[in-house]
There are 2 protein chains.
Amino acid sequence: MAGHRPSSRKKILAAAADLARQSGPVRFSLDAVARHAGVSKGGLLYNFPTKAKLMQGLVEDYLGEFEEALDAASGPDKEESLLAAYVRLSAKECESAQPAAAWIFAAMAEDPDFLEPIHAFRKRLLDRLRAEASDPTAMMVAFLAVEGLRNIKLFGSKTLTPEEREDVLAALLSAAEDASRRPEAVVAYSSGSVVKSSG
Amino acid sequence: MAGHRPSSRKKILAAAADLARQSGPVRFSLDAVARHAGVSKGGLLYNFPTKAKLMQGLVEDYLGEFEEALDAASGPDKEESLLAAYVRLSAKECESAQPAAAWIFAAMAEDPDFLEPIHAFRKRLLDRLRAEASDPTAMMVAFLAVEGLRNIKLFGSKTLTPEEREDVLAALLSAAEDASRRPEAVVAYSSGSVVKSSG
DNA sequence: CTTACTGTACCGTCTGGACGGTAATGTCAA
DNA sequence: TTGACATTACCGTCCAGACGGTACAGTAAG
């Protein structure tokens, strides 16, 4: 009755994320994760020798996938601007019924330092966004709005209606193209710019 | 319910918020809060019979103060739009060295339901914002951007430079005025009493 | 013989909170 | 005025249980 391939790692990570989503961070114990993953506690600790390593795994897994998707969407030979790709990808993440990264709170609860890779990623991303921005302020507003949307979802608040979310996302997407200097991008019309820099 | 000598209660609440800010949510135990507040554990438990009540107290205290400040800034006879007031107040909160509501993570860790009053408040606020918005999409973007800014601060990320934050806040503030329909705000119609239109 | 686990037993620490005290401050009848 | 009792606002201790982590014997597959 033993699985013998290292697929347990992924299974555990998925289960851990799922558990964090369903229960709160308090119930995020090693025993609970093991139970939820259908793995013995020994097996869990075999794959992740400490709880800290589990958290790290969660963060790195999530960040790796997101970065990969981002690079795939907006490479040097792609038409989409990085900002637009970021908005679109974040939108997709927000559209799913459950937030993808609810484990963030468990990680935060354990030790805020676990989020360091996320901060670093965001910093790197923002540097690239600054570099491509024709209108830095508009870019920043769009970036922050996406961040706000993501966090509202993360905190489990249902403040916006789906239509509003769609509406705002569309506006953000079009603003993203406006705010990015991408020579080949054909965005000529500026209808009622929602996000405009002033000052 | 009011008028006692709540010297301990307020002291405990302040200490709890401070502790959550300094240490992470893990170290947010009743003993730690009591120690930090200079109160015995029994005394703490006297003021807040359970940890849940403490959390509730934290949430209600914070929300009460914010709502009060918001109502003071943007009443029916005030010049500032609600959105602008919200942006400005949130900005002030973000400018302090430490996030005011770091305890949110402790509350979230304990039980996500503790944030329910916050969700409700946001919902109510957004309803009022929708009512006064001349450009709902722009309003929403500004609202979300503020939310994003607050959360970045909350998570302890130092992604933006102070100048960027100032810049973006200024843009949001001006966008807030543009997106709000406030009939007699700036226009030369200087008769004193005007019927307030909200709804 | 190694890898990748399972399962059980255990340990030291920490936690929320119950509980029994107690000093100070009313309240009130005689 | 006094003594008896009640309430308030706290203190300090104790405890059952949960936690992360260790240790180790066993096992099925390659």
Side-chain angles (χ1 to χ4, degrees), chain A residues 1-17 19-20 22-59 61 103 105-114, chain B residues 1-20 22-59 61 103-114:
Chain A
M1 296 286 185
H4 33 288
R5 274 166 306 171
S7 65
S8 271
R9 204 190 149 87
K10 278 225 159 188
K11 191 173 65 179
I12 290 170
L13 247 23
L19 182 69
Q22 288 180 17
S23 323
V26 225
R27 309 202 185 286
F28 193 85
S29 64
L30 293 185
D31 292 83
V33 171
R35 223 175 303 129
H36 201 74
V39 161
S40 71
K41 190 175 176 179
L44 168 60
L45 284 162
Y46 177 80
N47 287 277
F48 301 95
T50 65
K51 202 182 187 184
K53 295 282 182 191
L54 214 202
M55 297 304 188
Q56 270 180 38
L58 244 11
V59 174
D61 204 55
W103 47 262
F105 296 115
M108 181 89 191
E110 206 68 29
D111 185 349
D113 289 351
F114 284 137
Chain B
M1 277 294 175
H4 294 286
R5 265 185 347 188
S7 66
S8 278
R9 204 191 149 88
K10 277 227 159 183
K11 191 173 66 178
I12 289 169
L13 247 23
D18 197 56
L19 181 69
Q22 288 180 17
S23 324
V26 228
R27 308 201 186 289
F28 193 85
S29 64
L30 293 185
D31 291 83
V33 170
R35 223 175 302 132
H36 202 74
V39 162
S40 74
K41 191 172 179 181
L44 168 60
L45 252 13
Y46 175 78
N47 288 278
F48 300 95
T50 65
K51 202 182 186 184
K53 296 281 183 191
L54 214 201
M55 299 303 189
Q56 270 180 38
L58 245 8
V59 173
D61 204 55
W103 48 262
I104 280 195
F105 295 115
M108 182 89 193
E110 206 68 28
D111 185 347
D113 289 351
F114 286 137

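Chain naming here is simple, since letters A, B, ... match the order of the sequence lines and numbering starts at 1 in each.
Remark: A/S8 is in phosphate contact with C/dC5, judged by side-chain N or O atoms under 4.0 Å from OP1 or OP2. Here A/Y46 does not reach the OP1 or OP2 of C/dC5: none of its side-chain N or O atoms lies under 4.0 Å away. Not one side-chain nitrogen or oxygen of A/S40 sits closer than 4.0 Å to the OP1 or OP2 atom of C/dC5. The phosphate of D/dG12 has neither OP1 nor OP2 within less than 4.0 Å of any side-chain N or O from B/K41. For B/N47, no side-chain nitrogen or oxygen approaches OP1 or OP2 of D/dA9 to under 4.0 Å.
Toward the 5' end of DNA chain D, the nearer of the two residues A/G42 and A/V26, judged by each one's closest nucleotide, is A/V26. Nearest-nucleotide mapping onto DNA chain D: of A/R35 and A/P49, the residue sitting toward the 5' end is A/R35.
Taking atom CE of A/M55 as the reference point, atom P of D/dC19 lies 13 Å away to the nearest angstrom. Atom CZ in A/F48 sits roughly 13 Å away from atom P in C/dA4 (whole-Å rounding). Between the CG atom of A/D111 and the P atom of D/dC19 there is a distance of 19 Å, given to the nearest Å. Note: CG (B/D31) to C1' (D/dC11) measures 13 Å, nearest angstrom. Between the C1' atom of D/dC11 and the CG atom of B/L30 lies a distance of 15 Å, rounded to the nearest Å. If you take CZ of A/R9 and C1' of C/dT3, they are 16 Å apart, rounded to a whole angstrom. Per the geometry, CZ belonging to B/R27 stands 11 Å off C1' belonging to C/dC14, to the nearest Å. Distance A/L54 CG to D/dC19 P: 15 Å, rounded to the nearest Å.
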Before you tell me yes or no, could you show the steps for A/V39 and A/Y46 under side-chain contact (heavy atoms from CB on, under 4.5 Å), namely the whole-Å CA-CA distance, both residues' side-chain angles and the distance that decides it to 0.1 Å? CA-CA 11 Å; A/V39 161; A/Y46 177 80; over 6 Å; no

Pair A/F48, A/Q56 - check side-chain contact (heavy atoms from CB on, under 4.5 Å), show working. CA-CA 10 Å; A/F48 301 95; A/Q56 270 180 38; over 6 Å; no

Which is it for B/I12 and B/V33 under the side-chain contact (heavy atoms from CB on, under 4.5 Å) test, yes or no, and what are the steps along the way? CA-CA 7 Å; B/I12 289 169; B/V33 170; 4.2 Å; yes

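Residue contacts shown for A/L45 include a base, since a base heavy atom lies under 4.0 Å away.
Among the nucleotides D/dG20, C/dG17, D/dT22, the one closest to any side-chain atom of A/K51 is D/dG20.
Contact detail for A/L30 and A/L45: the closest heavy-atom pair is CD1-CD2, 4.0 Å. Annotation for B/A106 and B/P25: closest pair CA-CB, 3.8 Å, computed over non-hydrogen atoms.
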